[in-house]
Amino acid sequence: MAKQIKIKLVRSLIGSSESQRKVAKALGFSKKDQVVEHFDSPTIMGMVNKISHLVEVVE
């Protein structure tokens, strides 16, 4: 069974590129300091790596 991870948006999306905003929206973020839970999969981790300067993984 896959482990769940918590991801927190720690920086604002203002000034980020359109593709980074789309990745954040696809992860489920709509505002700063929001925490979402996802299963630890290569797809999700690739999305986290794309916006790694905006998010942090809280376990």
Side-chain angles (χ1 to χ4, degrees):
M1 187 163 144
K3 185 174 89 168
Q4 286 223 342
I5 58 171
K6 291 183 180 180
I7 308 163
K8 181 177 182 181
L9 185 65
V10 294
R11 296 197 55 203
S12 173
L13 296 173
I14 296 172
S16 60
S17 69
E18 188 64 30
S19 64
Q20 290 172 348
R21 290 179 196 210
K22 286 181 180 179
V23 169
K25 186 170 176 110
L27 283 171
F29 293 115
S30 59
K31 54 188 166 183
K32 186 175 176 273
D33 293 326
Q34 186 177 7
V35 177
V36 295
E37 285 190 30
H38 287 285
F39 287 109
D40 189 11
S41 69
T43 305
I44 296 298
M45 293 312 293
M47 294 168 81
V48 168
N49 284 337
K50 182 160 183 157
I51 58 170
S52 62
H53 59 288
L54 301 174
V55 298
E56 71 179 15
V57 176
V58 182
E59 296 197 36

Same cluster (ILVMFWY, side-chain, under 4.5 Å), Leu54 and Val57
yes
Donor-acceptor pairs under 3.5 Å, side chain of residues 1-15 to any protein atom, not counting sequence neighbours: which ones?
from, atom 1, to, atom 2, distance (Å)
Lys3, NZ, Glu59, OE1, 3.2
Ser12, OG, Ile14, N, 3.1

Restricting to side chain to side chain donor-acceptor pair (under 3.5 Å), what partner residues turn up for Thr43, sequence neighbours left out?
none
How long is the span from the NE2 atom in His53 to the CD atom in Glu56, to the nearest 0.5 Å?
14.0 Å
With a 3.5 Å cut-off and sequence neighbours excluded, list the donor-acceptor pairs that the side chains of residues 27-37 form with protein atoms.
from, atom 1, to, atom 2, distance (Å)
Ser30, OG, Gln34, OE1, 3.2
Gln34, OE1, Ser30, N, 2.7
Gln34, OE1, Lys31, N, 3.2

With sequence neighbours left out, write down each residue that passes side chain to side chain contact (heavy atoms under 4.5 Å, CB included) with Lys22, or none if nothing qualifies.
Glu18
